[in-house]
Colleague: 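One structure is given below, represented as structure tokens, and several questions about it will come after.
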Amino acid sequence: MSAHVPGTSDLQVLHIPRMRCGGCAAGVEKAIHAVDASAAVKADIEARRVEVTTAADRQTLLTALDAAGYPAEAA
């Protein structure tokens, strides 16, 4: 995987075990938008995964999701 270049958008795919309903998905989206307001977020609640097109790096997303109560890992 190549290094993230600031100012560019990358697709990040994350597994979020605690995302089990629409309210959880909304919380995940809110946490992601707190670090990148223009991120495109596509949640799959059944698979407990989210696809994020964002300029934020993966660690920033993981930290924000953990702080929001939705620990995540790379999918």
Side-chain angles (χ1 to χ4, degrees):
M1 176 170 209
S2 63
H4 176 75
V5 177
T8 63
S9 292
D10 293 321
L11 176 64
Q12 305 281 343
V13 181
L14 305 171
H15 176 65
I16 307 174
R18 292 186 182 173
M19 185 175 70
R20 300 179 182 191
C21 67
C24 295
V28 165
E29 187 170 344
K30 181 178 179 180
I32 292 168
H33 283 145
V35 295
D36 180 0
S38 64
V41 182
K42 181 180 177 190
D44 181 340
I45 297 166
E46 191 172 305
R48 296 188 177 135
R49 76 182 239 157
V50 65
E51 294 180 359
V52 185
T53 303
T54 180
D57 64 78
R58 184 180 309 246
Q59 190 55 52
T60 299
L61 294 176
L62 295 176
T63 300
L65 289 166
D66 189 54
Y70 298 100
E73 56 199 32

Colleague: Give, for atom NE2 of His15 and atom CZ of Arg48, the distance between the pair rounded to the nearest 0.5 Å.
Modeller: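 Output value for this atom pair is 7.5 Å.
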
Colleague: Taking only residues two or more places apart in sequence, or in another chain, which ones meet Arg49 in a side-chain contact (heavy atoms from CB on, under 4.5 Å)?
Modeller: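 With sequence neighbours excluded, Arg49 shows a side-chain contact (heavy atoms from CB on, under 4.5 Å) to Val13, Asp44, Ala47, Glu51, given in chain and number order.
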
Colleague: Under 4.5 Å between side-chain heavy atoms, chaining through other members, with only Ile, Leu, Val, Met, Phe, Trp and Tyr counted: pull out the rest of the cluster around Tyr70, sorted by chain and number.
Modeller: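 Its cluster mates, by chain and number, are Leu14, Ile16, Met19, Val28, Ile32, Val35, Val41, Val50, Val52, Leu61, Leu62, Leu65.
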
Colleague: How close do Ser9 and Thr53 get, counting heavy atoms only, and between which atoms?
Modeller: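 What the structure gives for the nearest pair is CB-CG2, 4.0 Å.
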
Colleague: Locate the shortest heavy-atom distance separating Ala56 from Asp36; write the atom from each residue and the value.
Modeller: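 Nearest heavy atoms, Ala56 then Asp36: N-OD2, 4.0 Å.
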
Colleague: Do you know which two heavy atoms are closest between Arg58 and Ala74, and how far apart they sit?
Modeller: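 Heavy-atom minimum between the residues: NH1-CB, 3.0 Å.
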
Colleague: Kindly check if the number of other-residue, nucleotide or ligand heavy atoms within 6.0 Å of CD (Glu73) is above 12?
Modeller: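 Yes, enclosed.
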
Colleague: Nearest heavy-atom pair of Pro71 and Pro17: which atoms, and what distance?
Modeller: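 Shortest heavy-atom separation between Pro71 and Pro17 comes out as O-CD, 3.6 Å.
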
Colleague: Going by the rule side-chain hydrogen bond (donor to acceptor under 3.5 Å, both in side chains), which residues pair with Thr63 if we only count those two or more places apart in sequence or in a different chain?
Modeller: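 Gln59.
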
